[in-house]
Amino acid sequence: MTSSNRRLAFQLLLAASMFALALGGAHAKDGQAGPGSKAAAYEPTVGQAGKDVVWVPTPESLVDQMLRMAEITPEDYLVDLGSGDGRTVITAAQRGTRAHGVEFNADMVRLSRQAAQNAGVADRATFTEGDIFEFDFSDATVVTLFLLPDLNLRLRPLLLDMKPGTRIVSNSFDMDDWAPDDSAEAALECKSYCRAYKWIVPAKVEGTWTLDNKATLTLNQTYQKLDGYLAMDGAQHAISEAAMQGPRITFTANGQQFTGEVNADRMTGSDSNGKAWNAMRQP
């Protein structure tokens, strides 16, 4: 965990705990939770304990920023891991996106379902009571989360195995050495936990590829970053400006820029002269 992540995690836990203690004291003072009192409608408390994290709501301005970064459309399927009071799922559904939240707290799930019903989006905003590590979210095209850094790292292998092009957007916490593709701050009215990080799941391209002109492309991959060389006409040309953005690959070699699309063990694309190229991954 980076030092900035450690500080943020500590601040999150401390702020939530102090808020919860203050709110709990106020409730006791007002007699709202005394013996024999009539059960009130469930209201979540900032800092309340969950399975893996305490609950702190994502500011609405950051929810909006995260969804903008994810570039959601009605064709997407968004899964929010640790959906809390459901605000991210409901906001996505209000924009026409099918969205689903996974939340361990049964009361929060009931609250979220009622909120979706009240907002008129219960057909698109749905919720599961359960463990985020046991829920299959592999068919999502967008994943959102506000979890602590160690949970992000536990999820990282699952996220990297998702379909290339899947967008991952996190509130406040990064993925350690998996550098984000983008980051942004929420609007000025956001007071805390106002930064979002975005990753685009890269296609897995490490290995040696044979081009249709008999040249070979050898790639080493670290997340979305690439290095390697193009061997052609008896010479090796180091590649530069090489990266993945989902299934899209770009690199420069021997004075040419190559762009292409990766589909499993096949690449197709064109070079900067407009000439088409194809490549197959060697077994």
Connected hydrophobic set around V121, excluding itself, where side chains approach under 4.5 Å: V89, I90, V109, F127
Would you please say whether a donor-acceptor pair under 3.5 Å links the side chains of T268 and N278? no
H237-F251 aromatic ring centre distance below 6.0 Å: no
Between atom CG of D80 and atom OG1 of T144, what is the distance when rounded to the nearest 0.5 Å? 3.5 Å
Interatomic distance, S170 atom OG to L145 atom CG [nearest 0.5 angstrom]: 4.5 Å
Ionic contact status for R167 with E71, cut-off 4.0 Å: no
Check: T128 side chain, G130 main-chain N or O, donor-acceptor pair, under 3.5 Å: no
Verify, without hydrogens or angle tests, whether N105 (side chain) and M108 (backbone) share a donor-acceptor contact under 3.5 angstrom. yes
Under the ring pair (Phe, Tyr, Trp, His ring centres under 6.0 Å) test, which residues partner W209, sequence neighbours left out? none
side-chain hydrogen bond (donor to acceptor under 3.5 Å, both in side chains): which pairs involve residues 225-234, sequence neighbours left out? N220-D227
Whether T259 side chain and T250 backbone form a donor-acceptor pair below 3.5 Å: no
Quick one: does any side-chain atom of R98 pair with a main-chain N or O of L78 as donor and acceptor, under 3.5 Å? no
Going by an N to O cut-off under 4.0 Å, is there a salt bridge joining R156 and D177? yes
